[in-house]
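Below is one structure, written out as structure tokens; the observations come after it.
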Amino acid sequence: MAEADLLASRREKLQRLRAAGVEPYPYGFARTHAAAELRRSFPDLSPHTRTGAVVSLAGRLTAIRRMGKASFADLLDQTGRVQIFLSADGLGAPAYANFLENLDIGDILGIRGEVFTTKTGELTVDAREVVLLAKSLRPLPEKWHGLKDVETRYRQRALDLIANESSRRALEKRALILRTMRNYLDGQGYLEVETPILQPIPGGATARPFVTHHNVVDRDLYLRIAPELYLKRLLVGGLEKVYEIGRNFRNEGISSEHNPEFTALEAYEAYGDYERAMELCEGLIEACALAVAGGLRLEYQGRAVNLARPWRRASLLELVAEGSGCDVEKPLAELVRELDRRGIPVPDHLRQGPKGKVIEHLLETRVQEKLWDPTFVLDFPLDISPLAKRKRGRPDLVERFELYITGREIANAFSELNDPHEQRERFLAQEELRQAGDEEAQRVDEDFLRDLELGMPPAAGIGIGVDRLVMVLVDAPSIREVLTFPLLR
RNA sequence: GGGUCGUUAGCUCAGUCGGCAGAGCACCGGCCUUUUAAGCCGGGUGUCGCAGGUUCGAUUCCUGCACGACCCA
């Protein structure tokens, strides 16, 4: 039947129900059990057991198996599926006829009836009453293969969630991971805070922002690319352990690992350095893995991942030297010549430096994909790290790490720069890059500098890409699987 | 930005070396009180992604475009 006829058929049933005095969209339904609760309440019954217990359930009708004067049906709620038995005997002939004639797969129903088990031992509710709670006017995807088309799945997320249990489970696991993060940090004495999403100067990361406009004050504002600078100002204010879990916005491409709005955890701890950030990172991710996967040996897309500590620590420069076969300590011009000689492509916009961008490019193209088990990549070039403190004994580097798992960047952290004079110099160096055409370069933020001048304690700071971490922990191939409503063009 | 593959019924997918468009599920009608991808009988519901081109004839071949997946930059 064509789609228009399928819709028309359901609308006709709706009309018939209304004509018979049935309200197809009532206000509520008192249920005694969710599906999972029912299973817990009636464990281990033998086949052919009549319990005499009357329960009420509500959910979506997902299957009907008709056998004349009786039918079995499946009712799905958030916790699972329960089989329902409907018969002329149990409901009365008119109510049973109404069920067959006017209700459809997809309708949301309330059921009251007796708990029993069938001859195969399946827990089932023998319906004495069926209440329509919401008529469904659209056909559902196929019961066996479900909804597979990824575009439809992402564009019609509600339909996907009805049809695919794995989609529901992914969101539940995501919630568990977020809850575990909060519990872990709260347990360590961190204070959860919320900082501005609308910012006059987008700071704290190297990225292009979304711009918006405040009409009353007639001024452009930016959706934050990171909460970092505000969180550090709270450190200045005397909050010693703070974190924020929230949405960041970057005006960049969409891919299996990038969504323009994404969820980040940022945490700052006074009196720590990046060694402390590594400990925190290990402990936090370990707790999440244990909560959601029950262990530290996972599988990601068919390949084993071992999250057992201690995690590998490797110098960025050594990794890049190994990955490129080049001496990356030599000056930019010589390094570029050597890369050319070896046939390693260097994008034109990076050839004039800063050198750190070339190193970063080599990390992304020649090293990153090999970092499968958790690896802390240590000590980044200063010229691409304007908010991090210099490395002790290596003034051209900073105390910064990125954490890689399954070949993707999961976290970024540093010993936070708290010298206001040096911070201003770093901002000015970024400003020069901006003048030279680098739209991602960071901007001078005078409000932040003023607060730094009040004195910020030395601190460890870390940012974790929550969506990507969830991908790894729930074995999702695309960031879209772990977002409720991924952006599609 | 480039490459490869894909887009056919509500869903999952076949198929046409260019000649009336197919299946299963869903749906509609009938039978059926222990089914669970229930079963049995009957019914095919379509702008073959969009726009051009070639051709007597295009869903099929060609070109462009849109959208998607994967890979590369």
Side-chain angles (χ1 to χ4, degrees), chain A residues 1-13 16 35 45-50 60-76 80-93 96-97 99-107 113-127 136-156 159-160 162-165 252-258 301 343-351 361-362 364-366 368-369 407 476-481 486-489:
Chain A
M1 192 177 287
E3 183 170 28
D5 295 329
L6 292 172
L7 299 181
S9 165
R10 288 180 177 236
R11 280 197 303 271
E12 279 169 28
K13 291 175 182 178
R16 287 207 296 269
L45 297 182
S46 10
H48 282 307
T49 303
R50 303 297 309 195
R60 191 179 297 274
L61 190 63
T62 57
I64 304 174
R65 295 176 287 281
R66 299 173 191 226
M67 302 170 302
K69 294 188 183 61
S71 299
F72 286 95
D74 292 337
L75 199 67
L76 179 72
R81 181 196 75 97
V82 172
Q83 179 166 264
I84 307 299
F85 181 72
L86 305 108
S87 67
D89 289 347
L91 287 172
Y96 182 67
F99 167 76
L100 291 182
E101 284 164 24
N102 294 323
L103 299 188
D104 286 301
I105 287 172
D107 289 352
E114 183 197 350
V115 178
F116 76 107
T117 55
T118 64
K119 67 178 183 188
T120 63
E122 177 158 357
L123 193 67
T124 305
V125 175
D126 183 0
S136 173
L137 297 176
R138 291 185 171 275
L140 292 185
E142 205 238 357
K143 63 185 172 188
W144 188 241
H145 299 94
L147 178 65
K148 285 188 170 175
D149 182 80
V150 289
E151 186 171 5
T152 309
R153 284 189 47 230
Y154 298 148
R155 285 192 193 279
Q156 298 188 46
L159 192 63
D160 178 40
I162 292 168
N164 294 312
E165 183 179 356
E252 294 164 358
I254 300 173
S255 78
S256 60
E257 323 222 349
H258 298 85
Q301 302 297 294
I344 297 173
V346 181
D348 288 341
H349 68 282
L350 299 183
R351 302 180 81 90
H361 177 253
L362 293 171
E364 287 166 7
T365 56
R366 308 192 68 85
Q368 176 173 334
E369 64 182 359
S478 165
I479 196 170
R480 293 170 173 179
E481 295 292 336
L487 187 72
L488 302 172
R489 64 180 194 149

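None of these values were measured; they are calculated from a predicted model. Note: hydrogens, waters and symmetry copies are ignored here, and every other heavy atom, side chains too, is used. Numbered from 1 within each chain, the chains take letters A, B, ... in sequence-line order.
When the P atom is used for both rA14(B) and rG6(B), the distance is 11 Å, rounded to whole Å. Using P as the reference atom, rG1(B) and rC65(B) are 12 Å apart when rounded to the nearest Å. Straight-line distance between the P atoms of rA23(B) and rG15(B): roughly 15 Å, to the nearest whole Å. Atom name P, nucleotides rU4(B) and rC40(B): the rounded distance is 46 Å, in whole Å. Of the C1' atoms belonging to rG44(B) and rG24(B), the separation is 13 Å, rounded to the nearest Å. For the C1' atoms, the distance from rG43(B) to rC25(B) is 16 Å, rounded to whole Å. The gap from the C1' atom of rC20(B) to that of rG3(B) amounts to 39 Å, rounded to the nearest Å. Comparing rC62(B) with rC17(B), their P atoms are spaced 15 Å from each other, to the whole Å.
The pairing partner recorded for rG46(B) is none, the criterion being a Watson-Crick or G-U wobble arrangement whose two distances lie under 3.5 angstrom. Taking a pair to require two hydrogen-bonding distances under 3.5 Å in either a Watson-Crick or a G-U wobble arrangement, rG18(B) remains unpaired. With both pairing distances under 3.5 Å, rG39(B) is matched to rC31(B) as a Watson-Crick or G-U wobble pair. rA58(B): no Watson-Crick or G-U partner with both key distances under 3.5 Å is found in any strand. Within the shown strands, rG6(B) is the pairing partner of rC67(B) under the Watson-Crick or G-U definition, both distances less than 3.5 Å. For rA23(B), the paired nucleotide is rU12(B), the pair qualifying as Watson-Crick or G-U wobble because both relevant distances are below 3.5 Å.
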Enumerate all atom pairs, one protein N or O and one N or O from nucleotides 69-71 of chain B, separated by less than 3.5 Å.
| residue | atom | partner | partner atom | Å |
| --- | --- | --- | --- | --- |
| rA69(B) | OP1 | Arg480(A) | NH1 | 2.1 |

Output one line per pair: protein atom, nucleotide atom from nucleotides 39-42 of chain B, and distance, for all N/O pairs under 3.5 Å.
none

Check: protein-nucleotides 3-7 of chain B nitrogen or oxygen pairs below 3.5 Å:
none

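The residue from Arg153(A), Glu142(A), Gln156(A) that alone fulfils the side chain to side chain contact (heavy atoms under 4.5 Å, CB included) condition with Leu147(A) is Arg153(A).
Residue Ser87(A) places its side chain closer to rU33(B) than to any other of rU33(B), rC28(B), rU36(B). Listed candidates were rU35(B), rU33(B), rU12(B). Nearest to the side chain of Asp149(A) is rU12(B). Minimum atom distance to the side chain of Arg65(A) is reached by rU36(B), of the listed rU36(B), rC28(B), rU34(B). Candidate nucleotides rC11(B), rG10(B), rU35(B) were compared by shortest atom distance to the side chain of Leu147(A), and rC11(B) ranks first. The side chain of Leu6(A) lies closest to rC27(B), out of rC11(B), rU36(B), rC27(B).
Counting heavy atoms of neighbouring residues, nucleotides and ligands inside a 6.0 Å radius, atom CZ of Arg351(A) exceeds 12 of them.
A pairwise comparison of heavy atoms in Glu122(A) and Gln83(A) identifies OE2-CB, 3.5 Å as the closest pair. Between Leu7(A) and Leu137(A), the shortest heavy-atom distance links the atoms CD2-O, 3.1 Å. The two residues Leu100(A) and Arg66(A) come nearest to each other via the heavy atoms O-NH1, 3.3 Å.
Atom CZ of Arg11(A) is separated from atom CG of Leu6(A) by 10.5 Å, given to the nearest 0.5 angstrom. Rounded to the nearest 0.5 angstrom, Asp107(A) CG and Arg60(A) CZ are separated by 8.5 Å. Within the model, atoms OG1 of Thr120(A) and NE2 of His48(A) stand 8.5 Å from one another, a figure rounded to the nearest 0.5 Å. Going from atom CG of Leu487(A) over to atom OH of Tyr154(A) covers 13.5 Å, rounded to the nearest 0.5 Å.
Residue Ile105(A) is in sugar-phosphate contact alone, with no base atom involved, counting any heavy-atom pair closer than 4.0 Å across all strands shown. Residue contacts shown for Lys148(A) are limited to sugar-phosphate atoms, with no base heavy atom under 4.0 Å away. Using a 4.0 Å heavy-atom criterion, one finds that Asp89(A) contacts the bases of the nucleic acid, with or without backbone contacts as well.
Across the protein-nucleic acid pair, Asp5(A) atom CG and rA26(B) atom P stand 18 Å apart, rounded to whole Å. Rounded to an integer number of Å, the gap from CD1 of Ile64(A) to P of rU36(B) is 16 Å. Atom pair Arg11(A):CZ and rC28(B):C1' shows a separation of 16 Å (rounding to whole Å applied). Per the geometry, CD1 belonging to Ile254(A) stands 13 Å off P belonging to rG1(B), to the nearest Å. Computed from coordinates, the Lys69(A) NZ to rC32(B) P distance equals 5 Å when rounded to whole Å. Between His145(A) atom NE2 and rG24(B) atom P there is a gap of 13 Å when expressed in whole angstrom units. Going from atom CG of Leu100(A) over to atom P of rC31(B) covers 11 Å, rounded to whole Å. In this structure, Glu101(A) places its CD atom 15 Å from P of rC27(B), rounding to the nearest Å.
Between the side chain of Glu122(A) and the base of rU35(B), no donor-acceptor pair under 3.5 Å is found.
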For a side chain to side chain contact (heavy atoms under 4.5 Å, CB included) check, start with the C-alpha distance between Leu76(A) and Glu165(A), then their side-chain angles and the critical distance, and finish with the verdict. CA-CA 10 Å; Leu76(A) 179 72; Glu165(A) 183 179 356; over 6 Å; no
Given the rule in the side chain to side chain contact (heavy atoms under 4.5 Å, CB included) test, do Arg138(A) and Leu159(A) qualify, once you have shown the distances and angles that lead to the verdict? CA-CA 10 Å; Arg138(A) 291 185 171 275; Leu159(A) 192 63; over 6 Å; no
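Under the 30°/60° scheme for interplanar angles, the aromatic rings of Phe85(A) and Phe116(A) are found to stand perpendicular.
Proximity of Glu257(A) to Ile479(A): side-chain heavy atoms (C-beta onward) are nowhere separated by under 4.5 Å. In this structure, Leu103(A) and Ile64(A) have side chains that are not in contact, with every pair of non-hydrogen atoms separated by 4.5 Å or more.
No salt bridge links Asp89(A) with Lys69(A); every basic N to acidic carboxylate O contact stays at or beyond 4.0 Å.
Comparing Arg155(A) and Pro345(A), the nucleotide of RNA chain B nearest to each residue sits closer to the 5' end for Arg155(A).
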